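The block underneath contains the structure these notes are about, expressed in structure tokens.
Computed from a predicted model, the values in this text were never measured in an experiment. Positions are given from 1 along the sequence.
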Amino acid sequence: MNDAVAADGDLVARREGSAGIIRLNRPKAINAVTLEMFHDIDKALDGFEADPDVAVIVLEGAGERGLCAGGDIRALWESSKVKGDLGKILWRDEYILNARIRKFPKPYVAFMDGIVMGGGVGLSAHGRHRVVTERTKLAMPEVGLGFFPDVGGTYLLSRSPGEIGTYFGLTGTTMNGPDAIHAKFADAVVPSAKLPELREALTRVALGTTSAEIDRLIGGFATGETSGPVATMQATIDRWFAHDRMQDIIAALKADGSDAAQATLKTLAEKSPRGMVVTLKLLRLARRAATLEECLVREYRAALEVFASDDFREGVRAAVIDKDRNPKWSPAAIEDVTPEMLARYFAGIGADELTFPNSK
């Protein structure tokens with residue numbers, strides 16, 4: 001290990017051979033990402049992009065539990081309670097970073113081993129080379145927090161086959177590695193036991209190595225799996241979720257009557273009604289979006305409205321703070337989410353609109 005870019009704190013960034021290593025380093029918190037970590041990742045990318053001796057970027061998580069369990073939800077909850085501005089600042093910087101990762105000029109490899117959720121998806125699934133394992137548990141469970149799948153999640157989910165993305169976005173169901181590939185969140189399944197060997201190979205790639213050559217390198221370690229248990233339900237999920245109103249999705253599930261449909265209904269009943277309605281509209285709009293940035297701009301508008309909402313505070317309280325798993329949603333029913341209520345999530349926000357720097 002050499003040429004340290006950042007000290008060994010919550011983020012480790014340094015060059016190893018020809019690889020720029022970015023390691024999320026909060027293993028006790030499953031590497032949950034803070035605002036400072038987003039800033040440090042951006043600085044690391046500045047250094048690695050400019051360094052002629054760096055051929056490839058590798059994103060990894062410290063510890064055995066996962067790449068990243070998401071953003072620092074507790075800090076956001078505390079700021080929201082006192083009408084602070086952490087949401088406005090953190091999500092702006094995070095979303096700009098998500099867009100930068102998608103366009104990064106050097107090959108960007110993400111090791112999506114173990115738990116990968118929320119903000120962890122934003123740091124990995126927009127990369128060019130996304131490696132999952134038999135231990136991968138990938139999810140965007142934000143609707144259970146009175147939120148929606150952000151960090152470009154609406155862009156990614158809207159590009160999954162059929163209604164698979166609608167299903168994952170509304171239910172928060174966890175994907176295994178092969179299903180993450182089916183849903184277009186990942187590219188290759190590599191056994192976790194082979195990750196050290198793959199990592200070592202990446203530190204030895206020649207300068208100027210192309211993305212196609214990186215694909216071939218990763219392919220030499222991959223199992224070839226491309227679909228998991230949820231993929232086998234594709235036709236059924238397409239039928240259930242091929243609607244633009246939550247009421248119609250619920251009706252389709254009730255009409256089905258199968259055990260799988262009943263289980264899905266039970267899952268949806270636990271989610272924020274407002275969060276589900278907002279998510280469904282964002283997903284439908286994302287299908288028509290030409291770019292990730294277009295989706296991120298829309299997500300940022302909606303996120304600021306979420307940050308000010310009782311639903312977000314109540315969802316985080318029930319899941320993270322008190323952990324009673326019994327949120328009291330407002331409104332409590334899908335049919336009580338009014339058009340006026342919904343409109344606030346999609347309205348322009350003037351000077352606060354998300355913009356992207358041209359220099360990166």
| query | Of all residues at least two apart in sequence or in a different chain, which pass the ring pair (Phe, Tyr, Trp, His ring centres under 6.0 Å) check with Tyr167? | reply | Phe241
| Partners of Tyr300 by ring pair (Phe, Tyr, Trp, His ring centres under 6.0 Å), sequence neighbours excluded? |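 Per chain and number, Tyr300 pairs via ring pair (Phe, Tyr, Trp, His ring centres under 6.0 Å) with no residue.
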Output every pair passing salt bridge (Lys or Arg N to Asp or Glu O under 4.0 Å) with a member in [range], not counting sequence neighbours, ordered by first then second residue.
{"range": "residues 167-187", "value": "Arg130-Asp187"}
{"range": "residues 208-229", "value": "Arg128-Asp215"}
{"range": "residues 324-341", "value": "Arg317-Asp324"}

| request: Sequence neighbours left out, what passes side chain to side chain contact (heavy atoms under 4.5 Å, CB included) with Glu294? Give chain and number order. | output: Ala289, Ala290, Thr291, Arg298
| message | Which residues pass the side chain to side chain contact (heavy atoms under 4.5 Å, CB included) test with Asp244, not counting sequence neighbours? | response | Arg284
| request: Would you mind listing every side chain to side chain donor-acceptor pair (under 3.5 Å) that reaches into residues 145-162, with sequence neighbours excluded? | output: Tyr95-Asp150, Arg102-Tyr155, Thr154-Glu299
With [X], which residues qualify under salt bridge (Lys or Arg N to Asp or Glu O under 4.0 Å), at least two apart?
{"X": "Lys88", "result": "Asp352"}
{"X": "Glu270", "result": "Lys266"}
{"X": "Arg74", "result": "none"}
{"X": "Asp310", "result": "Arg313"}

| message | What I want to find out is whether Lys106 reaches Glu49 closely enough, with some N-O distance under 4.0 Å, to be called a salt bridge. | response | no
| task | Give the intermediate values and the outcome of ring pair (Phe, Tyr, Trp, His ring centres under 6.0 Å) for residues Trp329 and Phe312. | result | CA-CA 9 Å; Trp329 300 120; Phe312 174 69; over 10 Å; no
| Is there a donor-acceptor pair under 3.5 Å between the side chain of Ser124 and the backbone N or O of Ala110? | no
